[in-house]
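Here is the structure we will look at.
Below, each value reflects all heavy atoms present in this structure, side chains not excepted, and no hydrogens, waters or symmetry copies.
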There are 2 protein chains.
Amino acid sequence: MREFKRKSRVLLIDDNADHLRGVKELITLESSYDVVGATTSANMGINLAKKYRPDIILMDINMPEKDGLQAIQELEKLDLGVKVIALSGYDDADLIFRAMKIGAKGYVLKTMASAQLIYAMDEVASGKIYLPTALTSRFFEFFQQSFKEENNVSSGENLLSYLTAREEEVLDLLTQGNNYKGIAGKLFISETTVKTHVNNIFQKLQVNDRTQAVLYALNNGFNKRQALRA
Amino acid sequence: MREFKRKSRVLLIDDNADHLRGVKELITLESSYDVVGATTSANMGINLAKKYRPDIILMDINMPEKDGLQAIQELEKLDLGVKVIALSGYDDADLIFRAMKIGAKGYVLKTMASAQLIYAMDEVASGKIYLPTALTSRFFEFFQQSFKEENNVSSGENLLSYLTAREEEVLDLLTQGNNYKGIAGKLFISETTVKTHVNNIFQKLQVNDRTQAVLYALNNGFNKRQALRA
DNA sequence: TTTGTCTTACATCTTTGGATTGATATTTTG
DNA sequence: CAAAATATCAATCCAAAGATGTAAGACAAA
């Protein structure tokens, strides 16, 4: 019963010892979180996380020795169920994007008010993902930018569109590494028929061999098309 | 001077005529936006967009005839500078993700309060991206999920790590669709040497032919490794 | 109905790819 | 330094892949 409302446990990782102390005091004084550990080393932090199983980790991602992003990735791989909030001095869109991509549950700037940090912790502790509004826009800018080329690909004029349904099936099997025999077996047709299809595919995609065909398919959104239809 | 504070122009696209009328009235009465067009057809909407150059488009993305997402994609390709807000009845994470991915500047549920719709329009009109808080969480859930496999790939045990530097060079050229002759020419070594390397690559990656080797490379973060070193 | 496309199939021939063995020089590493 | 790994090259052999031409049946559109 007493454990029901137990304080959430926090681990702090920040190579700047001063900042580390400051945050620790801040949390101790102004919040109801338990600081179960504080270290300036990412590797040590990972070990402490394994040992103390905190609910939340505040992780500085601008560290020289070991990259904070890498540390987050390792923590995610360990699957401890810990929620990592990235701390950074920079509102760099790329950094934010990468942190969120590898599983950070929040991203807070060091310059932000202490109240905001604690609010972020509350949100994340309750299972949400927290990004300050300003950072959310930056994130989306980057997000949309990074998908811009990809979208052009799938909407652009595409030699794949000249393929017949059967040829697409054959190409799909090619992109899975099948040889003639394998394709023939899977489509229940003769090997010579497969050869015919494959040759037609080469003509239409203007390539010389199967590897180039597969590469063309992958680089031009072939899998996405398939996915959309399924 | 008078044009400085001119009303922002809005185009409405929604296959549900009733809803279309409702939104039009709402905007006319309760906001300072000019509705320059309203249509139930996605294709017509695209034409109207070209003609009237609205600042904002409210696009229903659940339409039977033509998919709203496709329409957004076409609009983005036209590069009219118009900001599209996706309207949907569903807070489906995948839908939200796809809409934002192709360049939507906002996503609003039809069930949301009218004030929120207008707020979203204001935000988007001023160049921001607007997602209701609840949808932002859904978006991030999906976002992180969709990158989960990819992250495992780059951190997982990887047969690519057994390759020598030279073999990596050869594999790189393989992933560009080169044959033996092409690789030999580019590396200034004999074709038989290339064959040796390629055979060693097959052994190490446990594959049977070049297509499978290329697929293994692409599926296991080979390009990313290269990029990191460059 | 005719035309065209798609799918199936085969034969033939040439080229490329892949496996194996063996050899030598260079580089890395213990 | 000595041993091990790497990079280079060659010959050979068989299998697979690719090019080309031909053709019949299905089916849809004009």
Residues which pass salt bridge (Lys or Arg N to Asp or Glu O under 4.0 Å) with A:Lys24, listed by chain and number, not counting sequence neighbours: none

Any residue meeting ring-ring contact (aromatic ring centres under 6.0 Å, His included) with A:Phe142, in chain and number order, not counting sequence neighbours: A:Phe97

Inter-axis angle, terminal five-pair segments of the helix from C:dT1-D:dA30 to C:dG30-D:dC1 [nearest 10°]: 60°

Non-neighbouring partners of B:Tyr130 that pass ring-ring contact (aromatic ring centres under 6.0 Å, His included), sequence neighbours left out: B:Tyr119

Residues that A:Lys105 engages under side chain to side chain contact (heavy atoms under 4.5 Å, CB included), provided they are two or more places apart: A:Glu76, A:Lys83, A:Val124, A:Ile129, B:Gln144

Counterpart residues, salt bridge (Lys or Arg N to Asp or Glu O under 4.0 Å), relative to A:Asp79 (two or more places apart): none

Test salt bridge (Lys or Arg N to Asp or Glu O under 4.0 Å) applied to B:Lys110 - qualifying residues, sequence neighbours left out: B:Asp14, B:Asp60

ring-ring contact (aromatic ring centres under 6.0 Å, His included) partners for B:Phe140, two or more places apart: A:Phe139

Partners meeting salt bridge (Lys or Arg N to Asp or Glu O under 4.0 Å) with A:Glu167 (sequence neighbours left out): A:Lys204

Strand contacts (DNA chain C) in residues 185-210 of chain A, 4.0 angstrom heavy-atom criterion: A:Ile189, A:Ser190, A:Thr192, A:Thr193, A:Thr196, A:His197

N/O donor-acceptor pair under 3.5 Å between B:Tyr216 side chain and B:Leu159 backbone: yes

Pairing residues for B:Lys186 by the side-chain hydrogen bond (donor to acceptor under 3.5 Å, both in side chains) criterion, not counting sequence neighbours: B:Asn178

Bounds of contact between DNA chain C and chain B, in 5' to 3' order, using a heavy-atom cut-off under 4.0 Å: C:dG17 to C:dA19

Along DNA chain D (nearest heavy atom to each residue), the more 5'-positioned of A:Tyr180 and B:Glu167: B:Glu167

